[in-house]
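Step one of this worksheet: look at the structure below.
A, B, ... follow the sequence lines: proteins, then strands. Residue 1 opens every chain.
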Number of protein chains: 2
Amino acid sequence: MNKYSAFNGLNTAEKAELIEQINAKEKLYEKGRRIFTLTSESDETGILIQGLAYLVSINNYGEENILEYYSPGNIFGSYFSPDTNVNLYAITAKKDCNILVFKNTNIVSNVNSVNKYHIKFINNVITSASRKSQIHIDILSQRTIRKKLLTYLSYLSENEGTRTLTLPIPLSDLADYICVDRSAMMREIRKMNNESIITSKGKVISIL
Amino acid sequence: MNKYSAFNGLNTAEKAELIEQINAKEKLYEKGRRIFTLTSESDETGILIQGLAYLVSINNYGEENILEYYSPGNIFGSYFSPDTNVNLYAITAKKDCNILVFKNTNIVSNVNSVNKYHIKFINNVITSASRKSQIHIDILSQRTIRKKLLTYLSYLSENEGTRTLTLPIPLSDLADYICVDRSAMMREIRKMNNESIITSKGKVISIL
DNA sequence: ACGATATTGTTGCAAATGCAACAGAAATAT
DNA sequence: ATATTTCTGTTGCATTTGCAACAATATCGT
């Protein structure tokens, strides 16, 4: 879902200047590493350059639950996640990640409406963070596994501009993302194949 | 969930000045009315002053589904909702509403880091819009009705600062919000009462 | 190239949830 | 003050979904 990129509409020079202005540093996080833990004290924001990262909630038993996944261009951090003691949140690297790291407060620091690219950046931040969540809610609000899957696939399809999709995350994590049991989801995918609603093999799915 | 207010940390004078700067007009919408329809052309933003409003998605059969509810201070509009043809979105007035209406683009117009209150406003907009959604996702990602309810109640309790809560929306809409069948939710509430996890009568619920 | 690890795919069974339908209470409108 | 609409509360039953457990592939790391 990559139209939700923080740098949309910025050219290379503007992007570079902006990165300097918000004082962002590119860092590498290896697969499996915890990138941020989102506590009330944390003030870090990240923009994913390359790789795949998850926002997970962690319950009292240490079980993790995928709340969101981030593709290149997506922005994440304590700024966008609830500062609460109901659940613990963290960002983890599902694959090796290149991430631009900077402080929350720098998103809206030294703004001046003359800096058109900074204004654009703030707009991107607002829209990308909230719209991505709202899509997720729309998916989760569907009452059956089939509808959840089809809603997810529709959004992905619209975003990729094709009806043949390669999932950005493993099926096992997709089940987590749409909040259903993996085996039940697999069963539903099989049924949808039988009913010629989709054709799929592994992570490659065509909507018919 | 009213710490997610667009005007947090602003005093009356700053608020008034800001309202002028973003050129916001207060409007009244009667109960049941459609406030905005969120199409790709719409560019309106609203801040709820008084009342109760819902973000609904509308499917092909015209059935509406509550994706979010807004309490005084909350901000909503096309800026925060996906611009997509997968589903249709609209904001509707559940009760009579007073709403500050202004254009998307004015949120980040004429910014200057000297205007501390405007910076604060933008920060509020970012955090309130994205955190409210993320809480909703956290609720929906719970796998049972009981856990969904308890997660919802925990957030509400934390926000209200009390363990005895009056729901801001009817139980029938709460079922929609946590995306479960209403009768199944009622059954679960009864069980939780029997097991002394909560005591409740109608919209008044105490967490034990 | 090989072993280790992660992911996909499948099933039987139990349990939770949704659906439909209705009665009663509460709130709202006139 | 009363009628109308909305909301709460309940039940039986069908269905979906989750859980547990396992085999078969695919992918990754060295």
inquiry  = Let's see if you can work this out: which of C:dT8, D:dG18, D:dT8 has an atom nearest to the side-chain heavy atoms of A:Ala184?
reply    = D:dG18
inquiry  = By nearest heavy atom, map B:Cys179 and B:Lys95 onto DNA chain C; which one lands nearer the 5' end?
reply    = B:Cys179
ask   = Which of these nucleotides, C:dT10, C:dA29, C:dT8, is closest to any side-chain atom of A:Ser172?
value = C:dT8
task = Measure the distance from CZ on A:Arg143 to P on D:dT17 and round it to the nearest whole Å.
result = 12 Å
ask   = Roughly how many Å is it from NZ in A:Lys147 to P in C:dG18, rounded to a whole number?
value = 12 Å
request  = Using only side-chain N and O atoms of A:Arg146, determine if any of them is under 4.0 Å from OP1 or OP2 of D:dT16.
outcome  = no
query = Any side-chain donor paired with an acceptor under 3.5 Å for B:Asn87 and A:Asp138?
reply = yes
request  = Give the nucleotide from the list D:dT8, C:dT28, C:dG18 with an atom nearest to the side chain of B:Val180.
outcome  = C:dG18
key: Earlier contact from the 5' end, DNA chain D, for A:Ile145 and B:Asp173   = B:Asp173
query = Which of parallel (below 30°), tilted (30 to 60°) and perpendicular (above 60°) describes A:Phe121 and A:Phe7?
reply = parallel
ask   = At under 4.0 Å between heavy atoms, what does B:Lys94 touch on the DNA or RNA strands: base, sugar-phosphate, or nothing?
value = sugar-phosphate
key: Distance, rounded to the nearest Å, where A:Asp176 contributes CG and D:dG18 contributes P   = 11 Å
note = For A:Asp176 and B:Arg143 the tightest heavy-atom approach is OD1-NH2, 3.5 Å
key: Toward the 5' end of DNA chain D, by each residue's nearest nucleotide, B:Arg187 or B:Pro170   = B:Pro170
inquiry  = Tell me the interatomic distance from B:Ile205, atom CD1, to D:dT8, atom P, rounded to whole angstroms.
reply    = 10 Å
request  = Check for a donor-acceptor pair, side chain of B:Arg131 on one end and backbone N or O of A:Ser78 on the other, with a separation under 3.5 Å.
outcome  = yes
message = Output the rounded distance in Å from CG (A:Asp181) to P (C:dC13).
response = 17 Å
request  = Specify whether A:Tyr69 and A:Tyr54 have parallel, tilted or perpendicular ring planes, treating 30° as the upper limit for parallel and 60° as the lower limit for perpendicular.
outcome  = perpendicular
message = Considering every strand and a 4.0 Å limit on heavy-atom distances, what is the contact class for B:Thr144: base, sugar-phosphate, or nothing?
response = sugar-phosphate
query = Should A:Glu26 and A:Asn98 be marked as a side chain to side chain contact (heavy atoms under 4.5 Å, CB included) after you check the CA-CA gap, both sets of side-chain angles, and the distance that decides it?
reply = CA-CA 7 Å; A:Glu26 189 161 341; A:Asn98 279 66; 2.7 Å; yes
message = Taking any heavy-atom pair under 4.0 Å as a contact, classify B:Arg182: base, sugar-phosphate, or nothing.
response = base
message = Please classify the nucleic acid contact of B:Lys148 as base, sugar-phosphate, or nothing, using heavy-atom distances under 4.0 Å.
response = nothing
message = Taking the minimum atom-to-atom distance to the side chain of A:Ser183, which one of D:dC19, D:dC28, C:dA29 wins?
response = D:dC19
query = Mapping A:Lys31 and B:Glu188 to their closest nucleotides on DNA chain C, which lands nearer the 5' end?
reply = A:Lys31
ask   = Can you tell me how far C1' of C:dC22 sits from CE of B:Met186, to the nearest Å?
value = 14 Å
key: Atom pair distance, as rounded to whole Å: CG in A:Asn194 and C1' in C:dG9   = 13 Å
query = At how many degrees, to 10°, do the end axes of the helix from C:dA1-D:dT30 to C:dT30-D:dA1 meet when each uses five pairs?
reply = 80°
inquiry  = Given B:His136, which partner from the list B:Tyr177, B:Tyr152, B:Tyr70 fulfils the ring-ring contact (aromatic ring centres under 6.0 Å, His included) test?
reply    = B:Tyr177
ask   = Is any side-chain nitrogen or oxygen of B:Arg190 closer than 4.0 Å to OP1 or OP2 of D:dG9?
value = no
ask   = Strictly by modelled atom types, are B:Ser200 and B:Asn193 linked by a side-chain donor-acceptor pair under 3.5 Å?
value = yes
ask   = What is the distance, rounded to the nearest whole Å, between atom CE of B:Met192 and atom C1' of C:dT17?
value = 16 Å
